[in-house]
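Below is one structure, written out as structure tokens, with a few remarks after it.
All values below were derived from every heavy atom in this structure, side-chain atoms included, with hydrogens, water molecules and symmetry-related copies excluded. Sequential numbering from 1 along the given sequence is applied to the chain's residues.
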Amino acid sequence: MRISPVIPTVASLLLAALWGLSVFAGWGLEAFCTDQESSAACARRLDTVSTVSGLFAVLAACLTVGAWLFPLRFWALMGGAVLSWLAAAGVLFFGGMLAQ
């Protein structure tokens with residue numbers, strides 16, 4: 001049974017969209033910054049977390065592109081890309097919880 005390469009590619013793109021919306025569209029601020037504290041202080045802490053998470057996101061984006069550029073290594077690179085996107089989202093989530 002073969003799995004279509006479209007499935008992990010779509011998973012990678014959906015995880016990228018989730019990460020991008022959390023970082024750039026304000027979903028992270030909405031989720032982790034409450035009205036009880038200064039939103040500027042929370043935004044600074046979340047910005048630091050986003051920067052660390054961004055390192056995993058850059059790696060994941062490079063692995064996703066690399067998977068399509070080097071088809072002989074597709075599954076290894078795409079597996080790494082999906083794991084890197086999960087790491088980026090996980091760092092953002094747990095870092096946001098700590099930033100609260």
Side-chain angles (χ1 to χ4, degrees):
M1 182 167 121
R2 285 191 41 92
I3 298 173
S4 171
V6 173
I7 293 172
T9 302
V10 169
S12 181
L13 293 175
L14 288 173
L15 288 167
L18 173 68
W19 182 86
L21 290 170
S22 296
V23 172
F24 299 116
W27 286 13
L29 288 173
E30 204 53 42
F32 298 115
C33 295
T34 63
D35 293 335
Q36 298 171 349
E37 64 179 321
S38 167
S39 61
C42 182
R44 279 194 310 273
R45 290 192 305 269
L46 197 57
D47 187 44
T48 303
V49 170
S50 296
T51 302
V52 173
S53 176
L55 298 174
F56 289 102
V58 168
L59 174 64
C62 291
L63 288 172
T64 301
V65 171
W68 282 98
L69 292 176
F70 303 105
L72 295 177
R73 304 282 302 153
F74 178 84
W75 291 105
L77 293 172
M78 190 57 75
V82 170
L83 289 175
S84 295
W85 280 122
L86 290 172
V91 166
L92 190 62
F93 176 75
F94 289 114
M97 295 294 287
L98 292 173
Q100 252 181 347

Side chains of residues 9-26: which donor-acceptor partners sit under 3.5 Å, not counting sequence neighbours?
| residue | atom | partner | partner atom | Å |
| --- | --- | --- | --- | --- |
| Thr9 | OG1 | Pro5 | O | 2.8 |
| Thr9 | OG1 | Trp68 | NE1 | 3.0 |
| Ser12 | OG | Thr64 | OG1 | 2.9 |
| Ser12 | OG | Trp85 | NE1 | 3.0 |
| Trp19 | NE1 | Ser53 | OG | 2.7 |
| Ser22 | OG | Leu18 | O | 2.9 |

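- No path of Ile, Leu, Val, Met, Phe, Trp and Tyr side chains, each step under 4.5 Å between heavy atoms, connects Leu55 with Leu83, placing them in separate hydrophobic clusters.
- We find the CH2-CG distance between Trp27 and Leu92 to be 12.0 Å, quoted to the nearest 0.5 Å.
- Apart from Phe56 itself, the hydrophobic cluster it occupies contains Val52, Val91, where clustering links Ile, Leu, Val, Met, Phe, Trp and Tyr at side-chain heavy-atom distances under 4.5 Å.
- Linking ILVMFWY residues whenever their side-chain heavy atoms come closer than 4.5 Å, directly or via other members, leaves Met78 and Val6 in distinct clusters.
- The hydrophobic cluster containing Leu63 also includes Leu59, Val65, Leu69, Phe70, Leu77, under a criterion of side-chain heavy atoms closer than 4.5 Å among ILVMFWY residues, counted directly or through chains of members.
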